[in-house]
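Quick note: numbers below take in every heavy atom, side chains included, and nothing from hydrogens, waters or symmetry partners. When a ligand or atom number is given, it counts from 1 through the structure's own listing order. What you are looking at is a predicted structure, and each value in this text was computed from that prediction instead of being measured.
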Amino acid sequence: METDTSMMRLENYALGQWVAGTGTGTPLHHAVTGAEVAVASSEGLDFKAMRDYARSVGGPALRAMTFHQRARILKALAQHLTARKDDFYRVSAWTGATRGDSWIDVDGGFGTLFAYASRGRREFPDETYYVDGGVESLSKGGTFIGRHICVPMEGVAVQINAFNFPVWGMLEKFATSFLAGVPSIVKPATVTSYLTEAVVKSMVDSGLLPAGTLQLVCGSAGDLLDHLDCQDSVAFTGSASTGLMLRSNRAILEHSVRFNQEADSLNYSMLGPDASPGTEEFDLFIKEVAREMTVKAGQKCTAIRRTLVHESMVADVTDALRKRLAGVKVGDPAVDGVRMGPLAGKGQVREVEKSVALLREGTELVFGGPGTLDVIGADAEQGAFFPTMLLYSDRPFERLQPHDVEAFGPVNTIMPYASVDEAIALARMGKGSLVGSLFTARDSVARDVALGTAAYHGRLMLINRHSARESTGHGSPMPGLVHGGPGRAGGGEEMGGVRGVMHYMQRTALQGSPQTVSAVTREWSKGANELLDRIHPFRKFFDELRIGETFITHRRTVTEADVVNFAGVSGDFFYAHMDDIAARESLFEKRVAHGYFVLSAAAGLFVDPAPGPVLANYGLEGLRFVKPVYVRDTIQARLTCKQKTAKEDREGQVPQGVVHWDVEVTNQDAEPVAVYTILTLVKRST
Ligand code: NAP
């Protein structure tokens, strides 16, 4: 891989070919030295053809695969990239990133791929579609039901990213769209597109990606959006103004193209009124605020921009932050001891300067700023360096700049509050943010702040001395948690486990008879055909079992001895089972059998005890005791094969799968007394 800083022309990956754009292109610069490192151009690309190629080649290939197959590719891809990560760290240094900054972007990106590879196999079926939620009963007689299924959209996922996360930004979107079964066209921000290009080259070289599933544009997106229609989607990360412009595209409006936006965010961090100097929470807060200001030189959408502090602690917080920030050495991240690098480019410096000028109209500078920049190992003029700036607003309810202006650099404003209610009101003045954090030892404050600010935030981190050590940090979006925020933050949502994959799928409500719906979903539900066989289902291998295969057990009459013995075995002498007088006064009106006895007795009725293909009882879901079971009641169970999921082969393990069995235990009047699903591990014959 080319990783020296001699100038190179970036390539686009279109229609399965690497192609350089025509024209002079946009020169891209090393953030530390200012040297030109690459030229980006997408001129000459046929964007409509790219979209058609994704649709006609990539989409069908992905849709032919199950979630598990796609997830396995994601895992192999993550392993392939991880093995080459030193190459990416070298290129990442051109963006001005410290090693820690690169870790967030590069390892964070690969970690997200791994996370979705694993979720894809654990939380999705080995099918091409996803059944969402349970059965909706729509008729008295049970002959007409509803169910939701999610299928991949049949278009292309256009993914437009901001400059600050050239790797993570791409992969957090790509992981979810690929798992959903939708091909991507990735467009990184031009200024740092050399790093995205390096990673995409490696992804393509891996040979793991089916043709048409990933294309790359380095430079302008041209007229790509004009060709989108109802099956396509756009996931955009960037500034609110660009987002508004793109969202207003005629094709997007006309065809209701899904548009997910992650934009500017004026995130808050709040020090609880209890967390006075000397408490662990105070120290943790100072550390986190300083870290958030300087990691990636403050170029994180989740960075803390507004610091809310009780008015009695403003001086202490300001002093502590000054001390901490003064220790952060700025310069070339390649030099030992440098903790903060430059911004990504001169253009970004100009943007931050403009925003700071607006912020300064309503605030006082209390640390850093022009003239304080002491750059180590680099020329401050050549590189895109920007000083840390801590501002203070004494009237945060009147001077609105810190609630309105995002300076996308190491800039933060301290604001005083007099009460928790005031602090909540200030937090909400950001008009919608990605994240808020609170440092308090009082859970009652945490509750008030969480419920008071949740509607305005996509994520809230509540920290005290017990959670801090293992906390993932204010600024880190996690694959299993929703990333996004309302209002100014774009109103979108990414990741969040299964939720992020759903953005690329169509959720469709199916209505029909239980049998028809089961035939479509391959999940049996009550009312669908029950397939009876002379062979007990526990004698069948995973692959021999058919969905709907049912076993009706013999009956068993519950006796007084059963109840007494079960109490003795389990140690459960609860009055409703053992105390005649109390039971008579209870809602049961007489002694009832233990619910767990009913479960155990049902297992005794349906198991086939001899060794066979069933390896183990794997768990139980959705248990409800619907009616009490009394002494002399006669119970019977129905066991139906509801769903099957083959497990991935592991060395040293027999091939196996998980079978979900729908179980209904009934009484002598055919009334259900217990309903649940049991899961068994069953050997596969192949
Ligand atoms: P930006 O200038 O808005 O650009 C964002 C993306 O939009 C870039 O890829 C840009 O490409 C592209 N773009 C611009 N005009 C376009 C057009 N006409 N058609 C198609 N694409 C177009 O933002 P940025 O400077 O890269 O990033 C900084 C901003 O992003 C900050 O405001 C920050 O808060 C926000 N951000 C938000 C999140 C989040 O998750 N919420 C994460 C990171 C950053 P070019 O580079 O080629 O112009």
Residues in salt bridge (charged side-chain N to carboxylate O under 4.0 Å, His left out) contact with Asp229, at least two apart in sequence or another chain: Arg51, Arg55
May I have a table of the N/O to N/O pairs between ligand 1 and the protein that fall below 3.5 Å, each row giving the two atom names and the distance to 0.1 Å?
{"residue": "ligand 1", "atom": "3 (O)", "partner": "Ser239", "partner atom": "N", "Å": "2.8"}
{"residue": "ligand 1", "atom": "3 (O)", "partner": "Ser239", "partner atom": "OG", "Å": "2.6"}
{"residue": "ligand 1", "atom": "3 (O)", "partner": "Thr242", "partner atom": "OG1", "Å": "2.6"}
{"residue": "ligand 1", "atom": "9 (O)", "partner": "Asn161", "partner atom": "O", "Å": "2.7"}
{"residue": "ligand 1", "atom": "9 (O)", "partner": "Ala189", "partner atom": "N", "Å": "3.3"}
{"residue": "ligand 1", "atom": "11 (O)", "partner": "Lys187", "partner atom": "NZ", "Å": "3.0"}
{"residue": "ligand 1", "atom": "23 (O)", "partner": "Ser239", "partner atom": "N", "Å": "3.4"}
{"residue": "ligand 1", "atom": "26 (O)", "partner": "Phe163", "partner atom": "N", "Å": "3.1"}
{"residue": "ligand 1", "atom": "30 (O)", "partner": "Gly238", "partner atom": "O", "Å": "3.4"}
{"residue": "ligand 1", "atom": "32 (O)", "partner": "Asp264", "partner atom": "OD1", "Å": "2.9"}
{"residue": "ligand 1", "atom": "32 (O)", "partner": "Glu406", "partner atom": "OE1", "Å": "2.8"}
{"residue": "ligand 1", "atom": "34 (O)", "partner": "Glu406", "partner atom": "OE1", "Å": "3.3"}
{"residue": "ligand 1", "atom": "34 (O)", "partner": "Glu406", "partner atom": "OE2", "Å": "2.6"}
{"residue": "ligand 1", "atom": "40 (O)", "partner": "His483", "partner atom": "NE2", "Å": "3.0"}
{"residue": "ligand 1", "atom": "41 (N)", "partner": "Ala263", "partner atom": "N", "Å": "3.3"}
{"residue": "ligand 1", "atom": "41 (N)", "partner": "Ala263", "partner atom": "O", "Å": "3.1"}
{"residue": "ligand 1", "atom": "46 (O)", "partner": "Thr190", "partner atom": "N", "Å": "2.8"}
{"residue": "ligand 1", "atom": "47 (O)", "partner": "Lys187", "partner atom": "NZ", "Å": "2.9"}
{"residue": "ligand 1", "atom": "47 (O)", "partner": "Thr190", "partner atom": "OG1", "Å": "2.4"}

Salt-bridge criterion met for Lys431 and Asp404 (N-O under 4.0 Å): yes
Shortest non-hydrogen separation from Arg291 to Gly473 and the atoms involved: NH2-CA, 4.0 Å
Identify all side-chain donor-acceptor contacts of residues 491-498 below 3.5 Å with residues at least two apart in sequence or on another chain.
{"residue": "Glu494", "atom": "OE2", "partner": "Lys173", "partner atom": "NZ", "Å": "3.3"}

Results of ring pair (Phe, Tyr, Trp, His ring centres under 6.0 Å) for Tyr194 - residues two or more places apart only: Trp94
Side-chain ion pair, Lys201 and Glu11, N-O less than 4.0 Å: yes
